[in-house]
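Residue numbers run from 1 in the order of the sequence given. Atoms within each ligand, like the ligands themselves, are counted from 1 in listed order.
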Amino acid sequence: HELMGIHPYNPLEDTYSIYAHPLRNIDELCASIVRSHRETSQCRVEELQALRWKLFSREEIQAYQSKTVDEMWQHCAIQLTDAVQYVVEFAKRIPGFRMLSQNDQIALLKTGSMEVVLVRMSRYFNTENNTVFFDGKFAGAEVFKSLACGDLIAAVFDFAHDMCALKLTEQQIALFTALVLINADRPCLEDRGRVQRVQRNVELGLTHILHRDNQDNLLHKLYQRMAVLRSLCRLHIEKLHWFSQRYPLTAHSLFPPLYKELFA
Ligand code: CLR
């Protein structure tokens with residue numbers, strides 16, 4: 001499997017074994033998820049903040065726009081796969097994830113990893129000029145023109161913009177993305193009950209920090225965003241099918257194996 005490093009569950013490694021203790025300490029659980037988020041989030045928000053002025057020049061934008069459809073798809077698939085790899089690492093560090101069967105870990109990642117990348121995108125997004133940090137500089141939607149899926153790009157940019165409006169803290173993003181991953185309603189799960197128990201703990205964690213931050217009202221909004229995420233990811237898969245039909249060779253031999261395993 002490409003999702004290397006997904007080992008069978010070793011209870012000795014898992015201090016949160018939900019068999020031993022339903023939920024020992026909610027603060028500890030939240031702290032652990034926040035730490036995992038920080039360690040797997042690629043760039044710190046302050047670093048990104050400092051890079052805000054770095055925009056692509058007109059020439060650079062033109063260079064992206066004159067790439068062929070398959071060149072640009074391959075380029076984006078590589079970037080996305082890199083981001084997904086960090087999400088896989090994040091998932092593995094969510095207390096309880098590793099005690100799920102390998103089948104269920106993969107099933108959760110197949111549907112959830114892209115959703116988490118899109119939530120994480122809001123950290124890389126500048127709402128002042130609607131640009132995202134991509135390839136070392138901030139890029140507007142026009143940079144992705146040669147992908148020939150303007151509707152998906154527009155929807156993804158809108159979503160990032162709306163997420164930014166919530167002004168989530170890093171702690172809230174950490175718990176929210178953990179909940180996006182650990183979802184007992186995903187298709188193809190073997191042991192839904194087990195996923196449900198982990199999900200309940202993460203839910204408790206998210207409710208706990210929102211309450212602590214005096215933002216209980218955010219919970220409802222976050223559940224609404226989850227529905228939007230599902231539709232965006234459906235659109236991503238649709239576009240990928242369209243692309244693979246038109247450019248079977250690129251999709252088959254030039255896309256990263258992990259991208260193919262998760263989305264194809
Ligand atoms: C998300 C947060 C990650 C870093 C990161 C890497 C790649 C970026 C991604 C972020 C956001 C979405 C992104 C992607 C590369 C291409 C993709 C800009 C910032 C756009 C939306 C194009 C999608 C194309 C598919 C149809 C292949 O930590």
- Do the side-chain N and O atoms of Gln224 and His220 include a donor-acceptor pair separated by under 3.5 angstrom?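 Result is yes, a qualifying pair exists.
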
List of N/O pairs, ligand 1 versus protein, all under 3.5 Å?
{"residue": "ligand 1", "atom": "28 (O)", "partner": "Gln42", "partner atom": "OE1", "Å": "2.6"}
{"residue": "ligand 1", "atom": "28 (O)", "partner": "Tyr124", "partner atom": "OH", "Å": "3.3"}

- Item | Ring center gap for Phe90 and Tyr86 short of 6.0 angstrom |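 No, the ring centres sit 6.0 Å or more apart.
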
- Item | Phe134 ring center near Tyr124 ring center (under 6.0 Å) |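 Not under 6.0 Å, so no.
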
- Return the set of residues passing side chain to side chain contact (heavy atoms under 4.5 Å, CB included) with Glu203 (not counting sequence neighbours), or none when no residue passes.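 Side chain to side chain contact (heavy atoms under 4.5 Å, CB included) check on Glu203 returns Leu179, Gln199, Arg200, Tyr223.
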
- Determine, for Glu39 against Arg35, whether the closest basic-nitrogen to carboxylate-oxygen distance falls under 4.0 angstrom.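 Looking at Arg35 together with Glu39, the answer is no, because their closest N to O distance does not fall below 4.0 Å.
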
- Could you tell me whether Glu170 and Arg44 make a salt bridge, using a distance below 4.0 angstrom between a side-chain N and a carboxylate O?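 Salt bridge between Glu170 and Arg44, a charged N being under 4.0 Å from a carboxylate O: no.
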
